[in-house]
There are 2 protein chains.
Amino acid sequence: MENVRELFQIMTRRFGFLNKNCCSAGGCDISLIQSHILYEIDRQHKPSIQQVAEALGTDITTFSRQVQSLIKMKLVKKTPDPDDRRVNLLSLTTEGKYVAASIDQQMNDYLNEIFSHMNDFEKDTVIRSIKLLNEAMAKSGQCCSTPSRG
Amino acid sequence: MENVRELFQIMTRRFGFLNKNCCSAGGCDISLIQSHILYEIDRQHKPSIQQVAEALGTDITTFSRQVQSLIKMKLVKKTPDPDDRRVNLLSLTTEGKYVAASIDQQMNDYLNEIFSHMNDFEKDTVIRSIKLLNEAMAKSGQCCSTPSRG
DNA sequence: TCAAATTACTTGCAATATGCAAGTAATATA
DNA sequence: TATATTACTTGCATATTGCAAGTAATTTGA
C-alpha cells in the first residue's frame, strides 16, 4: 500500500492554505486562528468559552484572550448565561456573521473550483469518503481529539 | 448538497490533532511546526531553506530561525551547496531521522486505527478519493498554494 | 446552612514566535 | 566590472503562548 500519511499530510496542508487565503475575503483581514474561531462559534449554538476552546484544542487562557480581541473587533459578543453566571455564551455579531459568511462563500468557491477538475461520480465519491473518514475518526476517539494537556 | 466545507473543516481539524498528538512520539517532544518541518525535509531530497519555507507557507525569516533551533536540537543539519554557496541544503541527522520515523510510525498506527472502523472497500475508496483530491488541488493552483505575501 | 471544593473564566508574567526592514555574502546580468 | 538579484541572517518591535495565581459563581457535604 502507498504512503497513506503522505496523502493526508499533503491534503491537509493544502486545505490549510485554502483556509488561510480565505481569511482576507469580503474586505476583512483576520488571522487563520480567528477564522477558525468564527467558524466554530457559528457552528455551535451559543457555545461557552470553554466549549469552543475545547473544540479547537486551544489552551483556555489563550482562547480567553483571542475572544477578547474578536470582541474588540466587534465580530463576537459575550452574553452571560442566565442559568449559570460563571458561564459566558459566545455568538457572532451582525458584522461577525457577515465576515464568517464571506469566508464560507470564498471557501465554497474554492472547493467548487477544485471539484470542477472531477466528474460528478468522482466528486460524489470524494464527499462520501470524507464523511466516512469523519465517522471513523469520531469512533476512534482517543487519537483524533484534542491533545492531552496536564 | 450537504455542507462540503463543514466536512473538510472537521476532517482537517481532527487530522491536525492527530499530528499534534504524534509530536511526543518516540520519547521526543517537539512542536507541531517542528514536526511539519522534519516531515518536509525528509520528503524532499536535500532541499534548500527557501524550498521548505515555500512548501510550508512560512515566512523565510521565521523559517530561518526555526531551522536554527532544530539544528541546536541536533535534529537537522545544514550543508552549503557546492554548486551555489548562497544556498544551504537541509537534511535530517541520524537523530532527526529517528524522530521523524517515530512520528511517522505513530501517525500510521493512528491511521490504521481509524481505518479499522471501515471495511476494505471503504478504506480503498477513501484512499483513492484523497488521491483524487490532491490531484485536483494541484490542478487548481491559484487557491491551494502558499498564501500570497507581499 | 454554611464552609470547602469545584467550575468558568481572567490577568500577571516570562518565554517564545512572528514578520518587516535592513543587513551580508554569493551569483547572475548587462 | 559595476549593478542587480538571490539566498539567507539579524535587529527590533509586536503578538502569541501557557503556566501560576487570581476572581466570582456554583456545587458539595457535613
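Lettering follows sequence order; numbering is per chain, from 1.
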Dump the pairs, protein N or O against N or O of nucleotides 13-17 of chain D, anything under 3.5 Å, distances to one decimal.
unit_1 : atom_1 : unit_2 : atom_2 : d
D/dT17 : OP2    : A/Q66  : NE2    : 2.9

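- Taking atom CD1 of A/I60 as the reference point, atom C1' of C/dT11 lies 14 Å away to the nearest angstrom.
- Atom P of nucleotide C/dA8 and atom CG of A/N88 are separated by 12 Å, given to the nearest angstrom.
- Put simply, the side chain of A/T58 never gets that close to the backbone of A/F63: no donor and acceptor are under 3.5 Å apart.
- A close approach under 4.0 Å does not occur between any side-chain nitrogen or oxygen of A/Q68 and OP1 or OP2 of C/dC9.
- In this structure a side-chain-to-backbone donor-acceptor pair under 3.5 Å is missing from A/S140 to B/E113.
- Here the side chains of A/I30 and A/L75 are in contact, with some heavy-atom distance below 4.5 Å.
- Other residues, nucleotides and ligands contribute at most 12 non-hydrogen atoms within 6.0 Å of the CG atom of B/D120.
- Between the side chains of B/Q50 and B/E54, no donor-acceptor pair is found at a separation under 3.5 Å.
- Within 3.5 Å, no donor on the side chain of B/T61 pairs with an acceptor on the base of D/dC8, nor the reverse.
- With rounding to whole Å, B/L32 atom CG is found 12 Å from D/dG18 atom P.
- Between the side chain of B/Q34 and the backbone N or O of B/S31 there is at least one donor-acceptor pair closer than 3.5 Å.
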Listed pairs, N/O of protein and of nucleotides 26-30 of chain C, under 3.5 Å:
unit_1 : atom_1 : unit_2 : atom_2 : d
C/dT27 : OP1    : B/R85  : N      : 3.0

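- Going from atom CZ of B/F63 over to atom C1' of D/dC8 covers 12 Å, rounded to whole Å.
- Nucleotide C/dA17 holds its C1' atom 14 Å from the NZ atom of B/K72, rounded to whole Å.
- The closest side-chain donor-acceptor pair between A/Q9 and B/H36 falls under 3.5 angstrom.
- Counting to the nearest Å, the C1' atom of C/dC9 and the CG atom of A/L89 are 13 Å from each other.
- Contact annotation: A/K78 does not reach the phosphate of C/dA8 (side-chain N/O to OP1 or OP2, under 4.0 Å).
- Under the 4.0 Å criterion applied to side-chain N and carboxylate O atoms, B/D104 and A/R5 are assigned as salt-bridge partners.
- Side-chain contact between A/E6 and B/Y39: present, with at least one pair of heavy atoms (C-beta onward) separated by less than 4.5 Å.
- In this structure, the side chain of A/R85 does not engage the main chain of A/P80 through any donor-acceptor pair within 3.5 Å.
- Between A/E40 and B/R13 a salt bridge is recorded (basic side-chain N to carboxylate O distance below 4.0 Å).
- In the region residues 47-56 of chain A, proximity to DNA chain C at under 4.0 angstrom, judged on heavy atoms, holds for A/S48, A/I49, A/Q50.
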